[in-house]
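Here the structure is laid out as C-alpha cells; the discussion comes afterwards.
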Amino acid sequence: MKSGWEMVVGLEVHTELRTATKLFCSCANEFGAAPNTHVCPVCLGLPGSLPVLNERAVEMAMSIGFALRCTIAPSTFHRKNYFYPDMPKNFQISQYDLPINSSGYLDLPDGSHVGIERAHMEEDTGKSTHLGASGRLHGAERSLVDYNRAGVPLVEIVSAPDIRSAAQARLYVAELRRVLIATGASDGRMEEGSLRVDANVSVRRPGAPFGTRCEIKNLNSLRSLQRAIDYEADRQIELIEDGGTVRQETRHWDESTGVTSTMRVKEEAEDYRYFREPDLVDLAPDAAWRDRVAAALPPMPGVRRTALLQHLVDPTDAQREAVEVVLDLDLDRYVHGAAEAGLDAATALARTANEVAGAEDGADRLSVEAFIGTLRLEASGQLSATQAKTVLADLLAEGGAPEEVVARRGFTQLASDALDGIVDEVIAANADEWSRYRDGDDKLAQFFIGQVMARTRGQANGKAVVEILRSRRG
Amino acid sequence: MSRLSRDEVAHVAHLARLRLSDEELTTFTEQLGQVLEHAADLQSLDLTGVPPTAHPFELRNVVRPDVVGESLDPAEVLDAAPDAEDGRFAVPRILGEDL
Amino acid sequence: MSAIDLAASVRRGEVTATDALATALRAIDARNDELNVFLHVDRDGAEARARAVDDAVASGRDPGPLAGVPVALKDNLCTRGVPTTASSRILEGWRPPYTATVVERLVAAGAVPVGKTNLDEFAMGSSTETSAFGPTRNPLDPERVPGGSSGGSAAAVAAGMAPLALGSDTGGSIRQPAALCGIVGVKPTYGLVSRYGLIAFASSLDQIGPFATSVADAALCLEVIAGHDPRDTTSLPEPAPALVDHLDDGVAGRRVGLVSELVEGADADVVAQVERAAAALEAAGAQVVRLSIPELRLGLSAYYLIAPAEASSNLARYDGVRYGRRVAADELGAMNEATRTLGFGDEVKRRIMLGTYALSAGYYDAYYGQALKVRTRMIEAFRRAYEQVDVLLGATAPSVAFRFGEKTANPLAMYLSDVFTIPTNLAGEAAVSVPFGTGEAGLPIGVQLLGPGRSEARLLAAARVLEVAS
Ligand SMILES: [Zn+2]
C-alpha cells in the first residue's frame, strides 16, 4: 500500500445454510447431485407455485445473528426483480429494508473490531454452465442451467466499511468462517461456493471522506481475496494519482492474471423494483423462540480463543497459531482439562496442537482423563517427552488408559541409578563438551540430553538428566 | 405528476422485456397515461402517517419443518422445456455482464 | 339438477357418476363450438374419475359430498398432465406436473373435473375478450360478453355444462361474470381457499371461489375447497367453516347497509334491483340503513396500481427458458423479449408496463406506495362500516351483460366494470353475487352482499333470502 493513502473495505459474505431442504420448498439442499434432480414447482418457479419458509433456515439465520451480536428484529421478505436465467421466477426473494439481523460486530484475533451492518436471508440462484471456447460466459455459444441450487437458503452478511487492509479483510473472513461453522449454519467451504465473498474497495487520503468504491466479485479463496483487494486499491491510487477518477462499478477478479476488470458500470445497473413478497408473511420470532435458538448455540471462537489464551503468560506467535489449530479442530477440552488439573498449559497446548490434532478422528478415542493422565506421568518424570508422545499416539489410535500403554510398551522409567551411570558414561566420553558445560555454557545441556536419549532409545526423562548434570557440575 | 412520456414507456417496456413498435408505443403511451391520470386522485390525498398494507390479514411466522419431500422427475421437468441438453435447460448465448 | 341433489342421488346409487358426466358432456358438445366455453375438455380423465366414483358407490364406500358432480375449472388452475394455459399463447401446450390444492380437494370429495374454461388472458379483463383463444359468448345472449375474467366458468354453469365451476376473483372476476350470466358467485375471504396451483395474477388479491346455480350449491362447493393448506403461507390457519348448516339462518335482526358508492353510476335497471333487494331483506326481518363509504371511490385507482405491480413481477417468469413457448433468437435477451412480445396479448402488456412503472425507481412512492396506504384506508373504512351493520349491499356490476367490442377500445372504460367489486379484494374480505331480477333485454342482474373477513356463512344466508325472494 502506497504511503499517504488508506484503503476502505467493506465485505459482503454470502453463506449457504446447512439445512436439509431449500428455503421455500422441501427439495433437498444438497451439493453435487445430478442436474435438476432437486427441483419442484416452487424452486422451478412454475406457474401457481407458492413459497413456504423453512423454519430451520430462520433458526440458522438467528444463530448467525446471535453469534455476530446483532439485533434480531421482526423482518419481511421482498422481491428483487431482474431477468436472469439462473433465477426461475426472474425475481429473487430477499430481505430488504427489514432484515432479520442488524447492527452487530465481529472481534478479530488481532484485537480489531469490524461492524456488521446486517445479516439477512435470501434464496440462492441456479447454476449455468457456459458452452463454448473458454467455458466462461464471454464467447459462449450456449448456456445450460441446473436449478438444484435455486432456492437454497443463503444468509448475506454485510460488514461496515471498517476494514483498512487486505490482510485484515482476510482475517475477517477467516474469523467469520470460523464463527459460521461454529454456529452449525455453514460448512464454510469457499471452494464449493457455499461461502462467497464480494469486496467493496475504495481509497482515500487519511481523514478524507470515503472515495468512490468498486465491488469486486469472484473471490473464491482467502488468497484471492487478499490479492484482489491489494490489486484494486493500488489500481485506484494509481488512477487518482494520474489525475483520473474512480468510476463506481462491479469488477471481476481473475485469479490467473491477478487483475480486476470491469464487469458492469453502476449507471447501467438494473432498477430492481423491490416490493413486499405478497406470498409470504411477516417474520417476527417471539422471545421464546429466540431464547431457544440462543440457548442451543455453542461458545463462539472469539470467546474460546480468549479462554485458551488465558492459560498462557505472554503467548508466543507459535502458541497463538497452536490455539487457532485447537479452535478449528474443537480440541479446547484437552488444554482446559490439563490446565485445570494444574499441569503446564504450554505443554498441554503443544501436545494438543501437534499430537492430538495430527491424528485423524483420534480425538474420538482419546478421553480428556487419559490425556491428563499421560501429561501427569510426563510432568512427574515417569515418562520422557518422547515416551509421552508415543503413549498419546497409541491412545489416539486405540483408546484406553495411559497406564495400560505404559505397561504394554515396557516404558518402565529407567531406575535413577541406571540413569546416573549412563550420564557418567556420556560425560566421560565427551570431556571437551563437559568442561565447557561446567564453565557455564548451559546450551550444552541439550547436547548431553540428546546423547543420553540416544543410548536409552528415548527412555530417559530429560528433566532428570538435567538434574544429574547439575549435581555433577556441583 | 407530469404526463407519461414515450421514453418512459419505452424504458418500462425494456425493463419488462417487451418490444414495442412505434405505433404500439404511441397507443400504449396514451392508454397508460389515461390510467395514470385516473390514479391522480390518489396523489392528491394526504396520507402521511398512514401505514401501507401489503397483506390484507396479519399472519406471522408461517413456517414449515425442514423435512425433505418429493422433488419432480427430471425427465418430466425437462420434457416441458423449450430446449434442454445433458439434463439441463438450454438457453442461447448470454450477452452483457461476464460472471 | 342441483349439485347437492345430484351428489345425493349418486351416493344413494340412483344416478351414476358416469351418466351425470354424459349429461354434462352432451351439454358441452351441444354448445361449446358456439360459446367457446371450454378450452380443453378432459374426457378421458373425467370418465376415469366418474368410474372411480361409481366403483366406490358399488363397493359401499362414500365418494364424498360432491359425488359424481361434474365441475368446470378456470384454466388458470393447474391440473397435472392436463393442458393449462391461463388463456395465453405463452403457456400454450404446457401440461403442469402438479395439481392445484382446490382441484385435489374437489376430487377427494368425489367431484369430476370435466375440463378447463376460457378466461381473460392471465385473468386480466372483465369480458373474457382478452383470451388468446377467442372470447366466450354469454349463453343467455351470444351477442354479449359473459363478463370476466372467469367468463368461461360462469358460462359453463349458466349453459348447464356443469352444475359447479371454479373461478378466481382478483377484482371481481367471479362476481361480475356471475352477475352477467345470472348465477351465484362467491369471492371468499382472502386466505380461506388455498391459492396453491392458481396461476398468479395479483397475489395479495387473488382468491378462488365457486360458481353455482344456487346459493346452497355454492356453499357446499366452498366448504369442500376451503380450509388451511400448508402449501399456501397466506392460507388462514383454521379448517373450512360450516356454511351449508347456516343457509337457512335468514336475516332477521341483521343490520344491512345499502352503500351509495356501490350503486353510484350504475344503470337505472341495476339500481332498481338493488333497491328491490333491500326491500326483500327488510321484508325478511333485516333492518336496512343507507350509508356512504367515500373511501370506496379510491378503490379503482389503487387497484390498477397494486394489481399490475404484482402482476409485472408474477409474469416475469414467462421467459421461454423452462416451460411454455419460446420464440427463438440467437441471444438470451432477444429470446426473452421475442417470446414475451409474441406470447402476451395487449392487455397483459399494458398491465405489466403499468405495474413496472408503478414500482420503478422514482415512482414507487407516488404510485405503488400511495396505493398501499389507500388500501389501509379502505380496510379501516370497511371496519367502521361493520361497526354499524352486519352486511353491506350494492350492485355487482354497473350494467347487464354488454356487447362484444363495446369496451375494448378504451381500457379505462373496461376497468370501470369492476368498480363495485374491487374494494372487497383490496380489503381481503368476502362478498357474494346473487342473481336478483332482470334488466335491459331481460338480462339478469346481480346484487352484491359484502361482509367482513370470515363472514361467508352470514353472506350466504342473506343471499339465500334474496334467492327465495327473487
Ligand atoms: Zn423445490
Side-chain angles (χ1 to χ4, degrees), chain B residues 1 4 8-21 24 27-29 31-32 34-57 59 62-65 72-73 76-84 89-96, chain C residues 94-95 97-98 190-191 204 230 233-234 236-237 297-298 300-302 304-305 312 316 319-326 328-333 335-338 340-341 344 349-350 352-354 356-357 360 366-367 369-377 379 411-412 415 426-429 453:
Chain B
M1 274 287 144
L4 187 70
E8 284 171 317
V9 175
H11 173 65
V12 159
H14 171 71
L15 280 179
R17 297 292 184 274
L18 295 171
R19 192 171 54 230
L20 303 182
S21 67
E24 284 172 322
T27 316
F28 281 131
T29 303
Q31 289 173 336
L32 298 180
Q34 279 172 12
V35 178
L36 290 175
E37 244 164 63
H38 188 268
D41 57 355
L42 301 189
Q43 252 97 66
S44 55
L45 298 175
D46 180 10
L47 297 174
T48 4
V50 177
T53 296
H55 278 295
F57 281 102
L59 287 173
V62 179
V63 291
R64 60 174 180 85
L72 291 170
D73 172 7
E76 185 180 9
V77 165
L78 291 161
D79 195 44
D83 190 6
F89 295 84
V91 296
R93 73 201 162 93
I94 304 170
L95 296 182
Chain C
W94 183 56
R95 291 170 187 259
Y98 78 108
Y190 186 80
S204 78
T233 301
T234 63
L236 293 172
R297 293 201 184 102
L298 301 170
L300 193 72
S301 294
Y304 276 98
L305 294 170
S312 70
D319 60 2
V321 175
R322 291 158 297 276
Y323 44 81
R325 282 223 316 182
R326 169 185 294 190
D330 65 353
E331 177 268 319
L332 176 79
M335 183 279 278
N336 291 157
E337 204 174 86
R340 292 167 63 80
T341 299
F344 291 139
K349 288 178 189 169
R350 263 192 292 276
I352 288 175
M353 289 192 284
L354 192 56
T356 304
Y357 181 75
S360 64
Y367 289 111
Q370 193 79 347
L372 294 185
K373 292 179 173 185
V374 168
R375 197 169 181 183
T376 309
R377 276 282 178 79
I379 291 170
L412 193 57
Y415 297 172
L426 288 171
E429 295 176 344

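Values below: all heavy atoms of this structure, side chains included; hydrogens, waters and symmetry mates excluded.
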Relative to chain B, which segment of C:T233 carries a heavy atom at a distance below 4.5 Å: side chain, backbone, both, or neither?
both
With chain B, the option among C:I379, C:D330, C:L300, C:L236 that has the most non-hydrogen atom pairs under 4.5 Å is C:D330
C:L412 portion near chain B, given a 4.5 angstrom heavy-atom threshold
side chain
Answer with side chain, backbone, both or neither: which region of C:A338 has an atom nearer than 4.5 Å to a non-hydrogen atom of chain B?
both
Choice from B:L36, B:V35, B:V9 maximising heavy atom contacts with chain C below 4.5 Å:
B:L36
Quick check on B:Q34 against chain C: is it the side chain, the backbone, both or neither that has a heavy atom closer than 4.5 Å?
both
Contact origin within C:F344 toward chain B - heavy atom pairs under 4.5 Å
side chain
Ring-plane angle category for C:W94 and C:Y323, please: parallel below 30°, perpendicular beyond 60°, tilted otherwise.
tilted
Identify the heavy atoms of C:T356 and B:A16 that sit nearest to each other, and give their distance.
OG1-CB, 3.9 Å
Note, B:V91 side chain near C:R326 side chain (heavy atom, < 4.5 Å)
yes
Measure distances from B:A84 to the heavy atoms of chain C and classify the residue's part below 4.5 Å as side chain, backbone, both or neither.
neither
Choice from C:R325, C:R95, C:K349, C:Q370 maximising heavy atom contacts with chain B below 4.5 Å
C:Q370
Chain C heavy atoms under 4.5 Å from B:R19: which part of the residue, side chain, backbone, both or neither?
both
With a 4.5 angstrom heavy-atom cut-off, could you sort out which part of C:P97 is near chain B: side chain, backbone, both or neither?
both
Please flag which part of C:A316 lies under 4.5 Å from any non-hydrogen atom of chain B: side chain, backbone, both or neither.
neither
Looking only at heavy atoms, which two atoms of B:L4 and B:T29 are closest? And how far apart?
O-CG2, 3.6 Å
Chi angles and distances behind the side chain to side chain contact (heavy atoms under 4.5 Å, CB included) call for C:L332, B:I94
CA-CA 5 Å; C:L332 176 79; B:I94 304 170; 4.1 Å; yes
Need one label for C:M335: side chain, backbone, both or neither, based on atoms under 4.5 Å from any heavy atom in chain B.
side chain
Heavy-atom cut-off 4.5 Å, strictly under: side chain, backbone, both or neither for B:L47 against chain C?
both
Determine whether C:D319 and C:R340 satisfy the following criterion, salt bridge (charged side-chain N to carboxylate O under 4.0 Å, His left out), listing intermediate values before the conclusion.
CA-CA 6 Å; C:D319 60 2; C:R340 292 167 63 80; over 6 Å; no
Take B:D83 and B:F89 through the test side chain to side chain contact (heavy atoms under 4.5 Å, CB included) and record every step on the way to the result.
CA-CA 6 Å; B:D83 190 6; B:F89 295 84; over 6 Å; no
Taking every non-hydrogen pair under 4.5 Å, which of B:A54, B:A40, B:A80, B:P92 racks up the most with chain C?
B:P92
Start with the C-alpha distance between B:R93 and B:L95, add both sets of side-chain angles, then the distance that settles side chain to side chain contact (heavy atoms under 4.5 Å, CB included), and finish with yes or no.
CA-CA 6 Å; B:R93 73 201 162 93; B:L95 296 182; 3.3 Å; yes
Approximate separation, where rounding is to 0.5 Å, of C:M353 CE and B:E8 CD
13.0 Å
Chain C shares the most heavy-atom pairs under 4.5 Å, among B:L59, B:L42, B:V62, B:L78, with B:L42
Which one wins on heavy-atom pair count under 4.5 Å against chain B: C:N336, C:L305, C:V374?
C:V374
C:R375 and C:S204 side chains, donor-acceptor separation under 3.5 Å
yes
